[in-house]
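Scroll down for the structure; my scribbles are underneath it.
Small disclaimer: the values here were computed from a predicted structure and weren't measured.
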Amino acid sequence: MHAYRTHTCGQLRKEAVGQRVRISGWVNRRRDHGGLLFIDLRDHYGITQCVVEPDEAAFAQADRCRSEWVVTITGPVVARTPDTVNKENPTGEIEIRIEEINIESMAQELPLPVFGDMDYPEDTRLKYRFLDLRRERIHKNITLRSKVISSIRRRMIEQGFTEFQTPILTASSPEGARDFLVPSRMHPGKFYALPQAPQQFKQLIMVAGFDRYFQIAPCFRDEDARADRSPGEFYQLDLEMSFVTQDDVFAAVEPVLHGVFEEFANGRAVSPAPFPRIAYDESMLKYGVDKPDLRNPIVIADVSEVFARDDVEFKAFKNKTVRAIPAPGAASQPRSFFDKLNDWARGEMSAPGLGYIVFEDDGGKLAGKGPIAKFIPEPALSALAQKSGVKAGDALFFSADAKKDRAAALAGQARIRLGRELGLIREGEFKFCWIVDFPMYEWNEEEKKIDFSHNPFSMPQFDRAKFLALDQADKDTILGLKAYQYDIVCNGLELSSGAIRNHDPDVMLKAFEIAGYAREETETKFAGMLNAFRFGAPPHGGTAPGIDRIVMLLAGEENLREVTMFPMNQQAQDLMMNAPSDVTQKQLRELHIRVVQPETK
RNA sequence: GGGGGCGUAGCUCAGUUGGUUAGAGUGACGGCCUGUCACGCCGUAGGUCGCGGGUUCGAGCCCCGUCGCUCCCGCCA
């Protein structure tokens, strides 16, 4: 018989009754009935109940066992009587009579119980991650993650993609996120950077003539964390294709994402492919964000011109962009509901407020109620109702600002809030869409200059000759430029960002010049890529869905830590391994590094 | 860098208007119990109320500061 096990803890069924078996695992739970002792033994595969009575040889040893001790149990499989079968457990029709029990390892009193599914403090969970990972829910999530990655890999390979690895130690690049730097020992004062994404490498792979590349790629960005953004490192399904249009990329990615979501949806509905495409400008108008949650039925409308009418006397909204956010059925909400939203807008969103009108039925006609209703005569009220699609029983909130972007943003946040508070979000659905036609550039108000809006490597949607001829005087044209740049969004989460790339060195130099990079500077900083583009670069494009976010959605979790095996905390510390940590003077000397601590107050 | 929330037993939490000796559940330990599967019953131990200062006759509670965790804003091509 094997030293540790003949079966796993999730394996034995009625058919095994009569066999003498051996299983090993952790003591999940111990139930001492005095005359009879139960031990539920747990491993990766399941839980098996084991039982021993006081007059049996193994009793004394079994009686010593405590939660999370690791033991090996040997004995015959016996059938349980019908009234003692546990239908909740796949092994619940049998149990093992303990003939021998061997203690492999003991456990101290636990800082965090494995059994049960209560919430525990984040720092305790992270410090004792190995215990946390034994718990059913997160153990399942991590296993799901592995299955999702296998499925993605299989689907990509089936579609003719080839997996390549790219360097982890590379060069720091301007633009984008803050880099993690790695000092060079052999080149004093110089640094490697960890890749924010294999962006340039995958484009070089295309130039090298490999087509349809993919990689489950680690990405490193030294930026602050969010619930849906891991500190430091995360994984992307990075992919790139040659000789493709935007439509070709969509056609390649949709079946993979749709397929993997269907596979693990467990009854939840998944948007059929092709996913709807929403232009960036349309998304900012209708949803107030560039990552709309389409499970939320609320659609924002622009009503600026209604408030501009001469018969509307509400001065606060004159000469402003005004967006209307319908709140279906909100007319029956108490006054506090409206006050709370207004407080939120004034506080958290630092807006002047969130006006509203409640629509009621007045003998077959719509009547407006609420603080600002008296400023709006009937014809204007009808125009509002018509533009926003509200009816009697609904409320209409208003977001107004002299700056269009701010009005849109507040409206977007209000839409999300209203959707949640009114219970309008349809759970159990995965609603995908593409956001397309992102602006190429945006105005940087602080530095009074033009910045790249998203990916500097995107191809502008503009005639090549005209693009090369652009200059400072064409600011409006430049800020109106769209790029072949697209995001995949699911349930309000940005799952991926991609683009048809700019493979033309002249257009690239011009694109960077517009964003304030002198030609020599671009030549130096992107030498590898520019140089490559001068030796025959194929038109190419791709995208990079976030693996962690995909798994988070499929696992139904709200935080990436629930689907990451060994995550860092929000301050980018690994509480289990104690990273980051001090290093020795010797190490620093070898790296030609001297530490200058920040001044303390 | 900024804002919100939280911090009381190993763990999850309660703790009234500032008032005597800070409680419960769970876990640990001991005892009882032959069919449980969140077993049940009895008992014991377990506390720098995050830390420091202040107000007060008196602070877990109020004030100031500080630290930790978390969520959000900034940031994230």
Side-chain angles (χ1 to χ4, degrees), chain A residues 28-42 47-56 59 66-68 78 80-89 91-92 95 107-128 131-132 173-179 196-197 199-200 219-232 234 344 347-350 409 413 438-442 446 451-458 483 485 487 494 497-499 501-502 511-512 515 517 526 544 546 558-559 561 569-571 573 575 600-601:
Chain A
N28 193 55
R29 204 137 173 87
R30 193 189 102 102
R31 288 179 299 279
D32 181 3
H33 287 244
L36 170 82
L37 175 68
F38 294 103
I39 289 176
D40 289 342
L41 203 64
R42 182 196 74 241
I47 294 177
T48 298
Q49 175 169 285
C50 306
V51 62
V52 65
E53 293 177 21
D55 52 355
E56 297 177 61
F59 183 85
R66 292 293 178 267
S67 287
E68 299 308 308
V78 299
R80 300 203 206 171
T81 60
D83 56 315
T84 60
V85 165
N86 182 355
K87 291 194 183 68
E88 307 291 308
N89 189 341
T91 66
E95 64 196 5
Q108 300 174 5
E109 184 172 355
L110 303 168
L112 138 116
V114 173
F115 178 78
D117 62 348
M118 286 208 306
D119 290 330
Y120 298 97
E122 206 62 38
D123 44 343
T124 311
R125 291 183 59 191
L126 293 178
K127 183 169 179 193
Y128 299 96
L131 286 178
D132 194 31
S173 73
E175 287 288 329
R178 198 175 290 117
D179 285 319
Q196 297 174 26
Q199 181 65 38
Q200 294 188 62
C219 303
F220 306 90
R221 296 178 190 176
D222 189 3
E223 296 291 351
D224 291 348
R226 290 289 183 279
D228 63 353
R229 208 167 75 204
S230 297
F234 60 98
W344 160 79
E348 211 169 305
M349 299 299 293
S350 51
Q413 293 307 309
F438 275 82
M440 182 86 188
Y441 297 103
E442 64 192 20
E446 281 170 30
D451 276 351
F452 283 112
S453 182
H454 288 82
N455 187 323
F457 305 113
S458 305
Q485 158 89 39
D487 282 1
E494 181 194 313
S497 194
R501 318 297 175 187
N502 183 350
F512 275 85
Y517 290 85
F526 299 99
E558 302 274 321
N559 194 299
R561 282 189 297 267
N569 69 5
Q570 201 182 29
Q571 279 75 245
Q573 297 165 303
L575 298 175
T600 47
K601 283 180 269 184

Looking only at atom [atom1], what distance separates [N] and [M], rounded to whole Å?
{"N": "B:A22", "M": "B:C49", "atom1": "P", "answer": "11 Å"}
{"N": "B:C6", "M": "B:G60", "atom1": "C1'", "answer": "15 Å"}
{"N": "B:G30", "M": "B:G46", "atom1": "C1'", "answer": "15 Å"}
{"N": "B:U66", "M": "B:G1", "atom1": "P", "answer": "13 Å"}
{"N": "B:U21", "M": "B:A59", "atom1": "P", "answer": "11 Å"}
{"N": "B:U34", "M": "B:A45", "atom1": "P", "answer": "28 Å"}
{"N": "B:C41", "M": "B:U36", "atom1": "C1'", "answer": "15 Å"}
{"N": "B:G18", "M": "B:C62", "atom1": "P", "answer": "7 Å"}

Report the residues that fulfil salt bridge (charged side-chain N to carboxylate O under 4.0 Å, His left out) with [X], sequence neighbours left out, ordered by chain and then residue number.
{"X": "A:E56", "answer": "A:R97"}
{"X": "A:E109", "answer": "none"}
{"X": "A:D451", "answer": "A:K449"}

List the residues meeting side chain to side chain donor-acceptor pair (under 3.5 Å) with [X], not counting sequence neighbours, and say none if there are none.
{"X": "A:S230", "answer": "none"}
{"X": "A:R125", "answer": "A:D132, A:E562"}
{"X": "A:D40", "answer": "A:R31"}
{"X": "A:Q573", "answer": "A:N569"}

Rounded distance in Å - [atom1] ([X]) to [atom2] ([N]):
{"X": "A:R30", "N": "B:A28", "atom1": "CZ", "atom2": "P", "answer": "8 Å"}
{"X": "A:L575", "N": "B:U70", "atom1": "CG", "atom2": "C1'", "answer": "13 Å"}
{"X": "A:F115", "N": "B:G27", "atom1": "CZ", "atom2": "P", "answer": "9 Å"}
{"X": "A:D123", "N": "B:G50", "atom1": "CG", "atom2": "P", "answer": "14 Å"}
{"X": "A:E122", "N": "B:C71", "atom1": "CD", "atom2": "P", "answer": "7 Å"}
{"X": "A:Q571", "N": "B:C69", "atom1": "CD", "atom2": "C1'", "answer": "7 Å"}
{"X": "A:L37", "N": "B:G40", "atom1": "CG", "atom2": "C1'", "answer": "15 Å"}
{"X": "A:D228", "N": "B:C72", "atom1": "CG", "atom2": "P", "answer": "7 Å"}

Under 4.0 Å between any heavy atoms, over every strand shown, what does [X] touch: base, sugar-phosphate, or nothing? Just pick one.
{"X": "A:S497", "answer": "nothing"}
{"X": "A:Q199", "answer": "base"}
{"X": "A:V85", "answer": "base"}
{"X": "A:R66", "answer": "sugar-phosphate"}
{"X": "A:R561", "answer": "sugar-phosphate"}

If only side-chain N and O atoms of [X] are considered, is one of them under 4.0 Å from the OP1 or OP2 phosphate oxygen of [N]?
{"X": "A:Q573", "N": "B:G68", "answer": "no"}
{"X": "A:Q570", "N": "B:C69", "answer": "no"}
{"X": "A:R31", "N": "B:U36", "answer": "no"}
{"X": "A:N559", "N": "B:U70", "answer": "no"}

Between the protein and nucleotides 10-12 of chain B, list the N/O to N/O atom pairs that are separated by less than 3.5 angstrom.
| from | atom 1 | to | atom 2 | distance (Å) |
| --- | --- | --- | --- | --- |
| B:U12 | OP1 | A:P121 | N | 3.2 |

Write out a two-atom table: protein N or O, nucleotide N or O from nucleotides 31-35 of chain B, distance below 3.5 Å.
| from | atom 1 | to | atom 2 | distance (Å) |
| --- | --- | --- | --- | --- |
| B:C33 | N3 | A:D32 | O | 3.2 |
| B:C33 | N3 | A:H33 | O | 3.4 |
| B:C33 | N3 | A:G34 | N | 3.0 |
| B:C33 | N4 | A:D32 | OD1 | 3.1 |
| B:C33 | N4 | A:D32 | OD2 | 3.4 |
| B:C33 | N4 | A:G34 | N | 2.9 |
| B:U34 | OP2 | A:G35 | N | 3.1 |
| B:U34 | N3 | A:E53 | OE1 | 3.3 |
| B:U34 | O4 | A:E53 | OE1 | 3.4 |
| B:G35 | O6 | A:R97 | NH1 | 3.0 |
| B:G35 | N1 | A:E95 | OE2 | 2.8 |
| B:G35 | N2 | A:E95 | OE1 | 2.5 |
| B:G35 | N2 | A:E95 | OE2 | 3.1 |

* Looking only at atom types and distance, does a side-chain atom of A:E95 sit under 3.5 Å from a main-chain N or O of A:V78, one as donor and one as acceptor? ->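 No.
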
* Answer yes or no: is there a donor N or O on one side and an acceptor on the other, between the side chain of A:D179 and the main chain of A:S173, under 3.5 Å? =>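 Here the side-chain-to-backbone pair exists.
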
* **Residues that A:F38 engages under ring pair (Phe, Tyr, Trp, His ring centres under 6.0 Å), provided they are two or more places apart** => A:H33

* **ring pair (Phe, Tyr, Trp, His ring centres under 6.0 Å) partners of A:F452, counting only residues at least two apart** => A:Y441, A:F512

Do you know the tightest heavy-atom contact between [X] and [Y]?
{"X": "A:Q196", "Y": "A:C219", "result": "O-CB, 3.1 Å"}
{"X": "A:M440", "Y": "A:A511", "result": "CE-CB, 4.3 Å"}
{"X": "A:R229", "Y": "A:D224", "result": "NH2-O, 2.6 Å"}

* To do: Ignoring hydrogens and angles, answer whether the base of B:C37 and the side-chain atoms of A:N86 contain a donor-acceptor pair closer than 3.5 Å.
  => yes

* Asked: B:C76 base to A:R229 side chain: any donor-acceptor pair below 3.5 Å?
  -> yes

* Structure fact -> Pairs under 3.5 Å (Watson-Crick or G-U), crossing ones as [ ], inter-strand ones as |: RNA chain B comes out as (((((((..((((.....[...)))).(((((.......))))).....(((((..]....))))))))))))....

* **Upstream residue (5' side of RNA chain B) when A:L126 and A:F457 are each assigned their closest nucleotide** =>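 On the 5' side of the pair lies A:L126.
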
